[in-house]
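Remarks on the structure that follows.
Lettering follows sequence order; numbering is per chain, from 1. Reckoned from all heavy atoms, side chains included, excluding hydrogens, waters and symmetry mates. Being a predicted model, the structure only gives us computed values, none of them experimental.
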Number of protein chains: 2
Amino acid sequence: MLKKERQAYILQKINLHNKILSGVISEEMSVSQDTIRRDLAELEQVGKVIKVHGGAMSPSFHYQTWSFDDIYARDAKKEIARKAVTLIEDGMVVVTTGGTTIIELAKVLPTNLKATFFCGSVPAICEYMKHPNIEIIVIGDKLSKNSRITVGHQAIEQIRSLRADLCFLGINAIHPEFGVSDNDWDVVVLKKAMIKSSQKVVGLSISEKINTIQPIQLCPLDHINVLVTERTPFDPLLHDLRKKGIQPL
Amino acid sequence: MLKKERQAYILQKINLHNKILSGVISEEMSVSQDTIRRDLAELEQVGKVIKVHGGAMSPSFHYQTWSFDDIYARDAKKEIARKAVTLIEDGMVVVTTGGTTIIELAKVLPTNLKATFFCGSVPAICEYMKHPNIEIIVIGDKLSKNSRITVGHQAIEQIRSLRADLCFLGINAIHPEFGVSDNDWDVVVLKKAMIKSSQKVVGLSISEKINTIQPIQLCPLDHINVLVTERTPFDPLLHDLRKKGIQPL
DNA sequence: CTATATAATGCAAATAATTGCAATATAAGT
DNA sequence: ACTTATATTGCAATTATTTGCATTATATAG
């Protein structure tokens, strides 16, 4: 077998699986690992692969995973925000959680929209502040450094004494069986209160989080009225959720 | 599993959920926590994550910066902040108003200072958030767009139920006869409550505001214990105020 | 303060990479 | 075809990396 053939084979494998192990390839082609390593060295010179301990990876994969300068899946979140914002009508009282998706929502609010927003997330509030016609009610309490959102009894009380038309819920994990789940107890308690205080609950979730589970259950699926993702409403990924009564947007 | 794969997985998790716990990840991938910690250390080196006790979080969460570019008399305010910060001791409960001087104060807080800050000013809270050891209690209520501070009955109630060691008061006008005055009714009510709830009241004011009057009286001079300006304590400008019992710093 | 959990450090075992060297294969020129 | 020069390959010894464990230090929570 010629060297070029071998290298072509290696490239094909890498394009297929994004990575290879020197050991596996050397066995598959019954040559020594040294040979494979030398091939990889050459291919790296030309920029076709990236060598790592134990094998090599696709440079595109490498690039992809290592160059988030920005918010993860920002485009998807922008798309979600664009769709979600259509649900807000003038004069509504809206309560929102925090999270990067909510921030994108805050950024695309129409400037002429007149509404009242209840929110305990500092970054979200900062965005809301930029809109001239929006009234902001800050939910006050201890500020959780992790989530940059206020949590605690006082916050819960404040939410309880509120009847919102709409609740925008940043969703961390949603699953057809286990419903909506999250990983921070304080935040879960807060979100529960928000759901209870709202007529209509809108979940915002990038599709990646669909069919995933987090340690703490927030609510069963039927508490969520509308789920906004970057996919179209009839995407097969949403099929199970739609069957369970979720209305995708 | 390759090291880079693991790190890519960690990054994805962090981008999805904003934080991870070393223990959880190490179980998910069945490697030791040491390995995860070392991965996190590497990722931190490259600035991809921020290590915290027990795991790591997304850096975009940590370094959200605010640019208040055109602050009037910033140098004077910086000097005031430097002096004022010496009054805070470990373990104190501090309540502060908003305003650019308070923001400068927030910026010069020693990183090792452990204290609790009550505050309703969004920009100030953003600054406080950058300090790892400070506990922040957000005073919640309607957000005044002008002053970017929460005002209203709920805020007053929250302040009333509080006993602070120290109150840092951004001062808009101070006069030997008319005392401290301001121009926003909501803010005045709020500051009054803060004064009442604090052992010691520290006014922060650039010298330019000394001997000026604003429409609404906030309090007589004797409610202010210490006045911090950019001048030295024995500056002639402060003479009248000192004679009235104010202690300049 | 005390108890518990987490972090940092040094060490040892396992695995992988590198290098020099010898054997073999390939190519080129006569 | 024969010889020589060059390239490729496998092997062994050396070196570097990675990983887990034990120990000690540090931080967090009650």
Side-chain angles (χ1 to χ4, degrees), chain A residues 1-11 13-14 17 19-46 48-57 62 65-66 142-147 151-153 183-186 189 215, chain B residues 1-11 13-14 19-46 48-57 59 62 90-91 93 110-116 131-137:
Chain A
M1 178 171 266
L2 262 53
K3 191 167 74 158
K4 296 236 168 172
E5 285 185 88
R6 220 176 31 233
Q7 297 190 352
Y9 180 76
I10 291 174
L11 280 179
K13 278 276 175 188
I14 283 195
H17 300 118
K19 71 154 190 186
I20 54 154
L21 304 177
S22 325
V24 174
I25 296 290
S26 76
E27 261 197 31
E28 277 180 19
M29 327 231 274
S30 32
V31 293
S32 77
Q33 288 207 19
D34 304 69
T35 303
I36 300 301
R37 268 196 292 274
R38 276 186 269 242
D39 284 336
L40 293 180
E42 281 185 35
L43 292 171
E44 185 172 48
Q45 282 291 321
V46 198
K48 301 277 187 186
V49 306
I50 304 242
K51 278 180 64 175
V52 296
H53 200 86
M57 320 181 59
H62 190 266
T65 39
W66 286 76
K142 178 165 181 235
L143 188 63
S144 153
K145 284 270 173 59
N146 290 339
S147 46
V151 296
H153 178 254
N183 58 11
D184 184 320
W185 175 252
D186 289 325
V189 174
Chain B
M1 179 171 258
L2 300 173
K3 190 169 74 157
K4 294 243 173 178
E5 277 189 282
R6 217 177 34 233
Q7 297 188 352
Y9 180 78
I10 290 174
L11 279 179
K13 276 279 172 187
I14 285 194
K19 75 172 178 194
I20 54 154
L21 303 176
S22 327
V24 175
I25 296 290
S26 75
E27 262 198 31
E28 278 179 18
M29 326 229 265
S30 34
V31 293
S32 77
Q33 288 208 19
D34 303 68
T35 303
I36 299 301
R37 265 198 296 275
R38 276 187 271 241
D39 283 336
L40 293 180
E42 278 186 37
L43 292 172
E44 185 173 49
Q45 280 291 320
V46 198
K48 299 287 181 186
V49 307
I50 305 257
K51 278 181 62 175
V52 295
H53 201 84
M57 52 191 301
H62 221 246
D90 258 31
V93 174
T111 18
N112 59 340
L113 176 69
K114 290 189 210 309
T116 305
H131 290 267
N133 298 311
I134 286 175
E135 183 159 323
I136 307 165
I137 313 289

Test side chain to side chain donor-acceptor pair (under 3.5 Å) applied to [X] - qualifying residues, sequence neighbours left out:
X	value
A:Lys142	none
A:Asp186	none
B:Lys3	B:Glu42
B:Ser26	none

Does B:Arg6 have any salt bridge (Lys or Arg N to Asp or Glu O under 4.0 Å) partners at least two apart in sequence or in another chain, and if so, which?
B:Asp39

Would you check if the side chain of B:Ser22 reaches a backbone N or O of B:Arg37 as a donor-acceptor pair within less than 3.5 Å?
no

Mind checking what makes side-chain contact (heavy atoms from CB on, under 4.5 Å) contact with [X], not counting sequence neighbours?
X	value
B:Thr116	B:Val93, B:Phe118, B:Glu135, B:Ile137
A:Leu21	A:Val24, B:Leu2
B:Pro110	B:Val85, B:Asn112, B:Leu113
B:Lys13	B:Tyr9, B:His17, B:Ile20, B:Ile25, B:Glu28

Inter-axis angle, terminal five-pair segments of the helix from C:dC1-D:dG30 to C:dT30-D:dA1 [nearest 10°]:
40°

What string of B, S and - do you get for nucleotides 18-30 of chain D, 5' to 3', if B is base contact, S is sugar-phosphate-only contact and - is no contact with any protein heavy atom under 4.0 Å?
SBBBB----SS--

Taking heavy atoms of chain B and a 4.0 Å limit, find me the 5'-most and 3'-most nucleotide of DNA chain C within that range.
C:dT6 to C:dT9

